[in-house]
Structure formats: structure tokens, C-alpha cells
Student: 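First, the structure itself, so that you have it in front of you.
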Amino acid sequence: MMKDIQFSYAKAVSAEAVAAYQAQVATAQEQLVNGTGLGNDFLGWMNLPADIRPQLADIQATADLLRKECEVIVCIGIGGSYLGAKAVIDALSSSFAWLEGEKPAMVYAGQNIGEDYLYELQALLKNKKFGIISISKSGTTTEPALAFRLLKTQLEEQQGKEAAKQLIVCITDAKRGALRTLATQEGYKTFVIEDNIGGRFSVLSPVGLLPIACAGLDICALIDGAERMMEVCGIHTPMEENPAAQYAAARNHLYGVQGKKIEMLVNYHPKLHNVSEWWKQLYGESEGKDGKGIFPASVDLTTDLHSMGQYIQEGERILFETVISVEESNYTVPFPHDEANLDGLNFLAGKRVDEVNKMAELGTMIAHIDGGVPNMKITLPKLNEYYIGQLLYFFERACGISGYILGVNPFNQPGVEAYKKNMFALLDKPGYEVESAAIKARL
Ligand code: PA5
């Protein structure tokens, strides 16, 4: 039998403190399962690992086609429409996939409006056979829409309009939005983002799965892992055995009772950098509202011990850490003996590099706890699709529970609109005349 990922709060919070949240966790789980809580029209992610199975063959076939035809696949989207895919692809691909010439190469656009970024991307794609996956639930988000128009134009110029159509896939709302209108008119292949799935909870829908399959990863194993966590973190699993319930309770205790305002997600494998980026959106957008919420931050260790380490060890005591620990590396790199030993490292000879990393992890954890930074730990047996699938669902379920305990609607993001309104007013978008005059008067 496959192992499961494990969660431990023992070095951060007492068992009694976590148990004190039993009733609140039970209420939150009921709200999630019965759809009786705030934002209950956005609970489609709850059963997604089971519900998505009928679509897996179509997603895989579409990915196979793009993989066969394309040297490069550009994944266009922002926020929840790209972070999940990037997190999984980076966690499970070679760190040097580009230099190894892996085909197709996965690149991203629409996650920024950097002119140099887009210029360099267009230059890279010049005379290359590339495909586009354009992802936008609303179909109206400016950043991806801008990137899509630019790259679609380039693709049509390079391949001809009809051939380009075979290389474009859109993932968007079933009926609404400019992207849906365009896809219908042009006859692009499409997948639907269901109304009841918010962007940051969409990684296990076609939004995440199509790019992940395009990168050559096993989406069935990813979904198997997520479905396993659906059971482990479900309403029928008692709190003492339920990692999502415990994580939600422990972080609410650390925030509400101990006054720890910042949670740092910590990894010791650089490939997990973008898992942290995905996690930051999930928790930041879900909980940061109504003047409340833990600020989600992240560090890549041991790298950032040489930059952020000082603050973590001795700065203001408002931090706690959640460490993602990977039990077993996928490869073995033994450290060699050196006759001269000028670097003084012969005490490591014969050990694996991972053993050094593990001792750095353990030593750091002890140092940070000694420094007043509570540490929780999530252990993955190894980095593969199955355990990353488990991790994603664990975090999603815990986020729903945690947000309800905090007393917010974890499934909306009203604050994201403020910058858009100002940007449109400053750019003189039709319909924003009043806002435009008002904001320009403030400059
Ligand atoms: O979580 C969310 O809902 C957001 O981050 C969205 O995913 C992001 O704003 C992109 O929106 P859309 O997919 O509509 O382009």
C-alpha cells in the first residue's frame, strides 16, 4: 500500500490547543460538505478529483496532440489560471529541462505585463512551432487577454490562420466572456471551467491538468493522489487522524491565540519554489480579507538562510513556519573523498548530498524553534505526481476549513478588483469616464 503525506504540529502547538478547535472544525467541514457556509456556490473543487475523471482521456489526447506538434507550448493565464500548473510542472520536471532540450518546452505568458518579457518571448518563438493554451475563467482578464492577442497574431503569421487554429486550446467559462466568444467564432478546441470552481482552486480541473499533461506528467497519478487525500481529509476522518483539520486548527491557534501573523512555507528542494507561489495565492486570496488573515510568505532553504535567515532567527517574533519535507530524493549523489582535503569536507565523504540537506533541515528547525518560531511539518515520501496530488488537495481542504474557522468567505476575492478599476480609469477604458476624471485629478 502507498504511504500518505504526513502532517505534524508537535513542535508548534499542543495537542490540547488543536483539540480545542474540534467543534469549529466539525462545523467548517459540515459547511463545506453540505454547502451551507459563505461562498457555497464555489465548492466545485471539493469533489473534483472524482468528478474530473471522465474528462481525463480528452485532456490527455489534447495534450498528446500539442506535444506531437509543438516545440514550445505557451501557457497563458494569471493567478489561479497558471500558478497550479507551474507549481506541479516545476516540482516534477528536471531543473534544467530547457537546457536538456526537453520538448515541448513549457513557457508562460499573461502573468505579467512586462514589455521586455513579451518582446523576449516573441523573439524566442520566432520561427518555432509553438502552441498556445489560453486560460481565463472570466475570459476578460487584461494580462492574459493582452498576451493572447499578441501571441495568436504571431502564431497566425508564422503558421497561417487555419493551421494556427489547430495549435490553440482555450480553457474558459462555458458561455460567458470574450475568450469564449473568440473560441467559438474561431473554432478552437476548448475546455470548460465550471462556474463553481474559483481560479485558485482549479489546479485539478483542465486549467491545471492540460498544461501538466503537456509537460509529459502523469495526470492520472496526480488525481489518484488528490482523491486519496479527499478521503483522508474528509468529514468522516476524526480530527486526530485528519491532517487538513489539524493544520487548519493549528494555524488558527498560532494566529489567533499566539499572535503569529506570518506563516512561512519552507522547502529544501528548489523545485518546490512554485508550490509555495501557488500556496501563497490559495491562502492569501482566501483568508486575507475583512482586516484579517495570516500573511502567507515563503522561503527556499537552505538558499534563503543566507538572506532571510537572520530575520527568521532573531527578527520580530510574528512568524511561524510550515516545512515541506521530502523523505527520499529521486536521485543519489554521493560525496567524494579528496586526498588533499583542502576544503576540509572529508567528514562528509561517502555521505549522500541529501543527508547533508536533511541535517541542514533538522538543524534549522531546531534553531528556529529555539528562536521562538514554531515549526509545523508536512512530509512527502518523495516528489512524484501521486504525492503532489495529495499535497494540493490537502492544502485546498485545509484552506476551506481554516477560512471558515477564521470567519471569512474563503471563496471570494473582492480586493483584487481595486487595482483593475484604477488601471482601466488611467488607460481611458470606455465606460470608466467618471473614474478616469477622478483618478487623474489625484495625480
Ligand atoms: O483565484 C482567482 O480567482 C484569481 O486569481 C484568478 O484566477 C485570476 O484573477 C485570473 O482570472 P481569470 O481566470 O478570470 O482570468
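Numbers here simply count residues along the sequence, with the first being 1. Counting convention: from 1, in listed order, for ligands and their atoms alike.
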Student: Any nitrogen or oxygen of P144 lying under 3.5 Å from a nitrogen or oxygen in ligand 1? Just yes or no.
Tutor: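 P144 vs ligand 1: no N/O contact under 3.5 Å.
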
Student: Just wondering, do F201 and E285 contact through their side chains at under 4.5 Å, heavy atoms?
Tutor: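 When only atoms from C-beta onward are counted, F201 and E285 do not touch, as no gap falls below 4.5 Å.
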
Student: Tell me: protein heavy atom nearest atom 3 (O) of ligand 1, and distance?
Tutor: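 Looking at atom 3 (O) of ligand 1, the protein heavy atom closest to it is G199 N, 3.5 Å.
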
Student: Can a donor-acceptor pair be found, under 3.5 Å and without considering hydrogens, that links the side chain of S136 to the backbone of A145?
Tutor: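 It does not hold such a pair.
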
Student: Got I324 and L265 here, is their nearest side-chain heavy-atom distance under 4.5 Å?
Tutor: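 With C-beta onward as the side chain, the pair touches.
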
Student: Mind checking whether T141 has an N or O less than 3.5 Å away from an N or O of ligand 1?
Tutor: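 Min N/O separation from ligand 1 is below 3.5 Å for T141.
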
Student: Do the side chains of L210 and I171 get nearer than 4.5 Å, heavy atoms only?
Tutor: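 Yes; the side chains approach each other to less than 4.5 Å.
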
Student: Quick one, T303 and P270 - any side-chain contact, counting heavy atoms below 4.5 Å?
Tutor: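 Not touching, per the 4.5 Å side-chain cut-off.
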
Student: Provide, to 0.1 Å, the distance between atom 5 (O) of ligand 1 and the closest protein heavy atom, together with that atom's residue and name.
Tutor: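 The closest one turns out to be Q281 NE2, 2.5 Å.
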
Student: Decide yes or no for I378 and T322: does some side-chain heavy atom of the first lie under 4.5 Å from some side-chain heavy atom of the second?
Tutor: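 In short, these two side chains touch, coming nearer than 4.5 Å.
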
Student: Should you measure from each heavy atom of R200, which atoms of ligand 1 turn up under 4.0 Å away?
Tutor: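 The list of qualifying atoms is 1 (O), 2 (C).
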
Student: Any non-hydrogen atom of E143 lying under 4.0 Å from ligand 1?
Tutor: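 Flag not set, E143 not near ligand 1.
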
Student: Of all the atoms in ligand 1, which lie at a distance below 4.0 Å from a heavy atom belonging to S138?
Tutor: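 Counting from 1, the qualifying ligand atoms are 12 (P), 14 (O), 15 (O).
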
Student: If you have a sec, work out which protein heavy atom is nearest atom 10 (C) of ligand 1 and how many Å separate them, to one decimal?
Tutor: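 For atom 10 (C) of ligand 1, the nearest protein heavy atom comes out as I78 O, 3.2 Å.
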
Student: Any idea which protein heavy atom is nearest atom 2 (C) of ligand 1, and the distance to it?
Tutor: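 Going by distance alone, atom 2 (C) of ligand 1 is nearest to E285 OE1, 3.3 Å.
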
Student: Which residue supplies the protein heavy atom nearest to atom 6 (C) of ligand 1, what is that atom called, and how far is it?
Tutor: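 The answer is G80 N, 3.9 Å.
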
Student: Examine the side chains of Q281 and E277 and answer whether a donor and an acceptor come within less than 3.5 Å of each other.
Tutor: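 No, because no side-chain N or O of Q281 sits under 3.5 Å from a partner of the opposite role on E277.
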
